[in-house]
Amino acid sequence: MQQDYKPKNIEAVAQLYWNEKLTFRAADQSEKPKYYCLSMFPYPSGKLHMGHVRNYTIGDVLSRYHRMKGFNVMQPMGWDAFGLPAENAALANNVPPAAWTYSNIDVMRTQLRSLGLGVDWSREVTTCKPDYYRWEQWLFTRLFQKGLIYKKTSSVNWDPVDHTVLANEQVIDGRGWRSGALVEKRDIPMYFMRITQYAEELLADLDQLEGWPEQVKTMQRNWIGKSYGVRFAFPYQLDGKQDKLWVYTTRADTIMGVTFVAVAAEHPLATRAAQGNAALTAFIEECKHGGVAEADIATMEKRGMDTGLKVSHPLTDKLVPVWVGNYVLMGYGEGAVMAVPTHDERDFYFSQKYAAQLPPVKPVIVPANWDVSKVGETTSKSGAPRLLNATGADISTPMGNYSNFLDWEQWSEIFEQKGICINSGKYDGLNYDQAVDAIAADLAAKGLGEKKVQFRLRDWGISRQRYWGCPIPIIHCVNCGDVPVPDEQLPVVLPENVTITGAGSPLAKMPEFYETTCPQCGGAAKRETDTMDTFVESSWYYARYTSPGCTTGMVDERAQYWLPVDQYVGGIEHAILHLLYARFFNKLMRDAGLFGDTDLSSTSQKTGELALRPKSIDEPFANLLTQGMVIAPTFFREGAAGKKLWINPAEVDIETDSRGRPVGAKLRSDGQSVVIGGTEKMSKSKNNGVDPQVIIDQFGADTARFFIIFAAPPEQTLEWSDAGVEGAFRFLRRVWNFAYSNKKEIEVCHSRSKQESVESYLQAMNNEQKEVYREMHVVLKQANFDLQRLQFNTVASACMKILKALEQQIAIVTPGMNTTAAAITNGFSILLRLLSPIAPHITQTLWQELGYGDDVLSAPWPEVDEAALIQDEIELIIQVNGKLRGKLRVAKDADHDTLKQLAMACPSVEKLLAGQAAKKIIVVPGRLINVVI
RNA sequence: GCCGGGAUGGCGGAAUUGGUAGACGCGCCGGACUCAAAAUCCGGUGCUGGUAACAGUGUGAGGGUUCGAGUCCCUCUCCCGGCACCA
């Protein structure tokens with residue numbers, strides 16, 4: 001055994017051992033329970049960053065822990081290889097996206113391997129390879145035939161200079177990132193997946209996901225956004241025709257307060273109204289400027305213009321003006337909304353802005369606790385209505401005492417609350433439910449509306465006008481329309497040798513790609529040149545991992561064994577989109593029969609044997625761990641024109657004051673100072689990414705893994721610090737040194753006969769030794785609990801505490817004692833096993849070196865010696881009025897009266913009591929006594 | 001703007017259910033070893049006052065519930081993630 005801890009050597013040896021033994025090759029059958037542990041696969045951006053190290057270390061800790069707990073573990077890895085950055089890199093470096101991607105994959109695979117992850121590499125998946133995306137195309141054709149994929153137009157960001165569609169990310173302050181041109185909305189035809197058809201199930205099944213964080217489920221619920229409302233129409237006559245303007249509202253109780261209707265700029269009514277109306281045409285044109293991102297639309301200034309058109313109120317027949325609003329989106333719902341300024345905040349501010357041109361607002365709801373019969377109305381200075389409760393108007397404090405007074409000059413949340421109808425004719429006095437029922441019934445009787453359940457969730461547009469993605473397997477034929485590519489012609493292979501220009505898709509300029517014949521009529525036809533959203537690949541890779549090499553379908557019967565994923569680990573930023581799409585795809589694949597016969601009723605009727613029923617895999621991920629980001633300090637210098645030049649933290653020396661507070665920073669290369677910026681998410685743009693390779697090279701993979709686990713709980717944001725890395729390395733070196741200096745004694749223990757077993761000597765320990773032993777098991781108990789709740793940073797601290805306890809063992813007795821050797825042998829085996837999921841190389845090496853066995857992974861997980869935890873005496877806290885005033889050692893079963901007397905006798909308590917009697921004494925068994933005076 | 005989180009010493013963080021705030025580590029200070037330094041080992045370290053014992057104070061801000069609040073409730077501030085074409 002080497003005297004010094006040399007991670008480079010031992011890590012290479014350990015990795016070779018795992019490779020040769022095929023340790024991590026997962027068996028598709030086993031008597032052990034299966035544990036499919038999946039970390040979100042990386043986009044091959046070039047190099048590993050700390051976020052990857054964190055994600056994959058967390059997954060590996062879980063995998064190794066479960067393996068030692070007796071599970072048949074499968075941990076795969078692959079590459080989310082299609083995507084925009086490859087095209088950007090191609091533009092910048094003149095390298096084809098494919099070549100760039102494959103070379104990145106090679107670099108990152110090597111880096112991942114050097115981390116010592118327990119990955120079954122025989123299952124590796126690369127989404128940009130035809131053997132993967134072929135099956136995605138296959139599923140596309142099935143969904144297309146089922147009507148689950150359809151075509152419609154949708155808005156995209158259009159760069160009028162580069163003549164290209166931009167991703168939301170590429171739109172900065174309303175301009176194209178390369179051209180700087182003002183971005184426009186443009187409607188183009190796209191394929192959509194009917195995720196809304198599964199909205200109800202996607203929502204309902206969240207309840208069965210007990211292993212998911214509540215916050216993620218809440219976000220998904222809100223995203224799906226099931227609402228109960230009324231869809232109704234405003235009839236109108238135009239160009240001699242009767243027609244209806246449809247809207248949807250969840251506040252049908254406020255319909256009597258409608259003052260206008262707002263439609264999207266692209267709405268047919270707007271288009272019609274703009275004919276011969278130059279001002280409106282210009283306004284509609286203006287509405288098309290800017291991006292399509294919801295965040296931008298929600299934060300932009302709400303503007304509108306009267307179309308001059310009027311529609312009839314469906315219940316009163318009164319004419320209602322129609323406006324164009326830049327905040328109304330075509331394609332979301334009806335592309336039109338009713339406006340009730342008195343009971344909707346957005347409508348309120350909009351109508352205040354255009355008050356002069358709009359009809360007066362009308363309150364139709366008062367708070368539920370008001371006496372409707374006594375409500376009086378008056379007008380304020382501006383003419384806006386005031387409602388007065390008859391109990392006496394308190395005009396001085398309108399907001400503070402709203403039960404008396406409501407004033408529609410200033411917005412209040414009260415306006416939006418459900419209450420009682422007023423000013424609503426026959427609906428006066430009804431509450432929300434009654435009013436909605438009555439109004440919906442009246443609308444239905446007129447054929448102008450009905451109750452409707454609606455979802456916020458929209459169908460998933462999957463067409464991308466980009467090159468580096470999975471080709472959409474559709475052939476456009478003038479005679480037969482959109483024809484799916486037949487199975488035998490799949491895959492539609494993406495040509496890899498192309499030149500990227502940044503203007504439009506290269507595929508659309510490649511006749512050799514798009515010129516084809518129609519599979520139905522055999523005539524000349526054109527292949528679709530759009531590719532699929534890269535979220536499609538990441539929606540089913542977890543299933544493909546179960547069936548490596550399968551050439552007959554997306555998955556084979558092995559999927560039934562492995563699915564669902566038992567533990568999924570990945571960044572919180574994927575809480576909605578990726579996780580929702582993957583859940584959706586799982587249901588699509590289930591309903592395509594890929595997970596076995598899902599028609600459970602017919603199966604059981606036929607066979608009568610429940611045991612033969614295939615399991616229904618409704619959800620892909622049974623347990624989810626959402627990991628926090630890795631952040632780092634930023635440093636910069638002001639360059640020309642105030643442009644910031646970002647400097648990597650690795651090139652900076654930080655100066656601190658006497659108490660360690662940073663006071664300045666200097667660039668190492670020139671010794672001149674740099675500005676300390678904020679602490680932010682590691683990114684290329686702020687140049688604050690830390691390359692884990694530097695740490696692995698200098699300290700080893702175990703140190704990198706240990707630190708990243710130790711630094712913060714998995715779900716929290718993690719701030720990077722190099723100083724902490726050295727601390728982690730110091731600890732591992734102490735473990736090594738401890739092993740080196742105690743090797744002989746441990747080996748002697750291992751060679752002893754059964755009569756002289758470690759256990760027999762543990763029985764013979766003296767009280768001091770037993771106390772140390774007890775401490776160690778207290779720590780182990782906490783560590784096992786923390787593993788269960790996925791809080792690994794405290795497991796790392798537990799390892800440090802156990803090493804300290806072992807060092808203490810040696811310090812308190814003369815060396816050479818059999819009990820000491822036994823305690824160390826036993827204790828160190830606990831430490832090595834507890835530490836092994838986090839730092840697998842050093843623990844594997846020492847496990848072998850000290851003769852514990854060949855493979856620490858096949859050792860049983862250390863369990864707590866409960867008997868050792870029992871104490872005769874415990875420490876109690878003495879409080880006076882809740883403040884700590886003393887401590888007391890008492891017998892563990894002392895009764896309350898004894899405890900009270902002991903507490904009262906405490907000097908500090910006596911002093912504070914000063915002869916008075918205590919008002920109350922609270923005894924919390926096993927914890928404290930609080931004397932109230 | 002909407003949805004979901006977060007805020008604890010100089011720093012990362014700990015504190016299962018309301019019950020000793022600051023475990024463990026980093027940094028810093030002091031000591032040992034050394035010609036010296038590095039490394040290592042030992043001790044100290046929330047803040048304020050005090051030689052000290054000790055006292056006061058303290059978990060983003062303000063209020064509340066409770067014998068007792070980092071933890072529960074209300075109001076607010078700031079920060080982060082997502083918002084459907086970044087992945």
Side-chain angles (χ1 to χ4, degrees), chain A residues 40 42-43 45 80 83-85 88 156-157 165-171 213-216 218-219 221-223 225 291-300 302 327 345-346 457-466 533-535 538 571-578 580-581 626 628-629 631 656-662 678 680-681 707 710-713 715-728 730-731 733-734 737 782 785-786 789 791 793-794 796-801 804 875-884 887 919-922 924 927-928 930-933:
Chain A
M40 289 181 185
Y43 178 79
S45 54
D80 189 12
L84 201 51
N88 296 337
V156 294
N157 304 307
V165 176
L166 297 176
N168 286 336
E169 188 193 46
Q170 298 172 314
V171 180
E214 209 50 57
Q215 53 156 318
V216 175
T218 303
M219 281 190 261
R221 277 188 199 105
N222 292 341
W223 184 262
V292 295
E294 190 191 285
D296 296 335
I297 290 158
T299 48
M300 74 184 178
K302 310 283 177 293
Y327 59 94
E345 190 175 4
R346 189 178 60 184
L457 181 70
R458 310 194 299 259
D459 276 340
W460 176 12
I462 56 164
S463 294
R464 296 290 178 271
Q465 299 70 44
R466 292 189 216 302
D533 181 1
T534 56
F535 270 124
S538 55
I572 182 66
E573 66 270 25
H574 297 293
I576 296 174
L577 291 180
H578 162 62
L580 190 67
Y581 292 146
T626 44
M629 299 169 306
I631 60 173
T656 56
D657 63 12
S658 62
R659 293 177 53 193
R661 277 181 286 225
E680 297 179 48
K681 179 178 174 174
F707 174 70
F710 176 69
E715 309 211 300
Q716 257 182 52
T717 306
L718 163 56
E719 185 176 352
W720 185 255
S721 153
D722 287 289
V725 178
E726 284 174 43
R730 279 205 279 268
F731 165 68
R733 189 169 52 193
R734 262 171 66 209
N737 291 342
Q782 183 65 43
F785 175 77
D786 290 344
R789 61 172 176 157
Q791 186 175 285
N793 56 323
T794 46
S797 343
C799 293
M800 290 173 155
K801 288 178 189 172
K804 227 176 203 179
E875 190 178 62
L876 280 189
I877 298 308
I878 308 299
Q879 291 181 339
V880 175
N881 289 342
K883 271 191 182 163
L884 176 67
K887 293 174 185 181
K919 274 188 197 156
K920 202 173 172 185
I921 301 175
I922 290 147
V924 183
R927 286 206 176 266
L928 58 79
N930 187 14
V931 182
V932 185
I933 57 178

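Proteins get letters first, then strands, A, B, ... in listed order; numbering begins at 1 in each.
The CD-C1' distance, from E715(A) to C80(B), rounds to 15 Å in whole Å. To the nearest angstrom, C1' of C67(B) lies 3 Å from CD1 of I922(A). Following rounding to the nearest Å, I572(A) (CD1) and G6(B) (C1') show an atom-to-atom distance of 12 Å. What separates CG of N88(A) from P of C86(B) is a distance of 11 Å, to the nearest Å. K801(A) has its NZ atom 12 Å from the P atom of G22(B), to the nearest Å. Between the P atom of G19(B) and the CG atom of L928(A) lies a distance of 10 Å, rounded to the nearest Å. If you measure from atom CD of E573(A) to atom P of A84(B), you get 15 Å, rounded to the nearest angstrom. The nearest whole Å value for the distance from the CG atom in L884(A) to the P atom in G58(B) is 16 Å.
For Q791(A) and T794(A), the side-chain atoms include at least one donor-acceptor pair closer than 3.5 Å. For the 3.5 Å distance criterion, the side chains of D80(A) and S538(A) fail to qualify, holding no donor opposite an acceptor.
In this structure, Y43(A) reaches the sugar-phosphate backbone alone: every heavy-atom distance under 4.0 Å involves primed, P, OP1 or OP2 atoms, never a base. Base contact: V156(A) has a heavy atom under 4.0 Å from a base atom. No engagement by L580(A) is indicated, since no non-hydrogen atom pair under 4.0 Å with the nucleic acid exists. When heavy atoms are screened at a 4.0 angstrom cut-off, V165(A) is found touching base atoms of the nucleic acid. L577(A) comes within contact range of at least one nucleobase, with a heavy-atom separation under 4.0 Å. Across all strands, A575(A) comes closer than 4.0 Å to no nucleic acid atom at all (heavy-atom distances). Within 4.0 Å (heavy atoms only), F731(A) reaches no atom of the nucleic acid at all. Using a 4.0 Å heavy-atom cutoff across all strands shown, R789(A) reaches sugar-phosphate atoms only and no base atom. Counting non-hydrogen atoms under 4.0 angstrom, E294(A) reaches a base of the nucleic acid. Within 4.0 Å (heavy atoms only), P713(A) reaches sugar-phosphate atoms of the nucleic acid but no base atom. Using a 4.0 Å heavy-atom distance criterion, N793(A) is classed as a sugar-phosphate-only contact. At a threshold of 4.0 angstrom between heavy atoms, the contacts of T218(A) are confined to the sugar-phosphate backbone, with no base atom among them. Residue contacts for H578(A): at a heavy-atom cut-off of 4.0 Å it reaches no nucleic acid atom on any strand shown. Residue-level contact check: A293(A) touches the backbone only, with heavy atoms under 4.0 Å from sugar-phosphate atoms and none from bases.
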Next on the checklist: Test side-chain contact (heavy atoms from CB on, under 4.5 Å) on F535(A) and W460(A); report intermediate values, then the result.
Outcome noted: CA-CA 10 Å; F535(A) 270 124; W460(A) 176 12; 3.6 Å; yes
Checklist entry - Is there a side-chain contact (heavy atoms from CB on, under 4.5 Å) between Q465(A) and S463(A) once you walk through the steps? => result CA-CA 7 Å; Q465(A) 299 70 44; S463(A) 294; 4.2 Å; yes
Next on the checklist: Evaluate V171(A) against N157(A) for side-chain contact (heavy atoms from CB on, under 4.5 Å), listing each step before the verdict.
Outcome noted: CA-CA 8 Å; V171(A) 180; N157(A) 304 307; 3.7 Å; yes
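Residues K887(A) and I877(A) have side chains in contact (heavy-atom distance under 4.5 Å, counting atoms from C-beta outward). In this structure, W223(A) and L577(A) have side chains that are in contact, with non-hydrogen atoms separated by less than 4.5 Å. Side chains of I921(A) and V932(A) form no contact here, defined as non-hydrogen atoms less than 4.5 Å apart.
Comparing U16(B), C67(B), G4(B) by their closest approach to the side chain of K920(A) singles out C67(B). The side chain of A711(A) lies closest to G12(B), out of G4(B), G1(B), G12(B). Here the nucleotide nearest the side chain of K804(A), chosen from U20(B), C41(B), C24(B), is C24(B). Across G82(B), C86(B), G4(B), the shortest atom-to-atom separation from the side chain of I576(A) is found for G82(B). When distances run from any side-chain atom of E875(A) to the nucleotides U20(B), G19(B), A87(B), the shortest one goes to U20(B). Of all nucleotides listed (A87(B), C24(B), U16(B)), C24(B) comes nearest to the side chain of M800(A).
The partner of G30(B), taking Watson-Crick or G-U wobble pairs whose two distances both stay under 3.5 Å, is C42(B). The nucleotide C72(B) finds its pairing partner in G64(B), both defining distances of the Watson-Crick or G-U wobble pair being shorter than 3.5 Å. Judged by Watson-Crick or G-U wobble contacts below 3.5 Å, the nucleotide A7(B) has U77(B) as its partner. As the counterpart of U16(B), no nucleotide is assigned, since no Watson-Crick or G-U wobble pattern has both distances under 3.5 Å. G49(B): Watson-Crick or G-U partner is C54(B), with both key distances under 3.5 Å.
The gap from the P atom of G31(B) to that of C79(B) amounts to 44 Å, rounded to the nearest Å. The P atoms of A61(B) and G44(B) are separated by 30 Å, rounded to the nearest whole Å. Remark: the separation of the P atoms in C3(B) and U75(B) is 14 Å, to the nearest Å. Distance check on atom C1': G4(B) versus G9(B) gives 29 Å, rounded to whole Å. For C28(B) and G46(B), the C1' atoms lie 14 Å apart once the distance is rounded to whole Å. Rounded to whole Å, the C1' atom of C73(B) lies 13 Å from the corresponding atom of G18(B). Comparing the C1' positions of U16(B) and A23(B) gives an interatomic distance of 15 Å, to the nearest angstrom. Nucleotides C78(B) and A15(B), compared at atom C1', are 25 Å apart to the nearest Å.
Note that the CD atom of Q215(A) and the CE atom of M219(A) stand 4.5 Å from one another [nearest 0.5 Å].
Under 4.0 angstrom from either OP1 or OP2 of A84(B) there lies at least one side-chain N or O belonging to N168(A). Considering only side-chain N and O atoms, K883(A) lies nowhere under 4.0 angstrom from the phosphate OP1 or OP2 of A55(B). A sub-4.0 Å separation between OP1 or OP2 of G13(B) and a side-chain N or O of Q716(A) is present. Remark: R733(A) is in phosphate contact with U40(B), judged by side-chain N or O atoms under 4.0 Å from OP1 or OP2. For T534(A), a side-chain nitrogen or oxygen approaches OP1 or OP2 of A87(B) to under 4.0 Å. Between N881(A) and G68(B) there is no side-chain polar atom (N or O) within less than 4.0 angstrom of OP1 or OP2. Between Q791(A) and A15(B) there is a side-chain polar atom (N or O) within less than 4.0 angstrom of OP1 or OP2. For R730(A), a side-chain nitrogen or oxygen approaches OP1 or OP2 of G27(B) to under 4.0 Å.
Judged by atom type and distance alone, N222(A) does not reach the base of C3(B) through any side-chain donor-acceptor pair under 3.5 Å.
Within 90° of 0 lies the glycosidic angle of G9(B), which makes this nucleotide syn.
A salt bridge between E214(A) and R221(A) is present, with a side-chain N of the basic residue lying under 4.0 Å from a carboxylate O of the acidic one.
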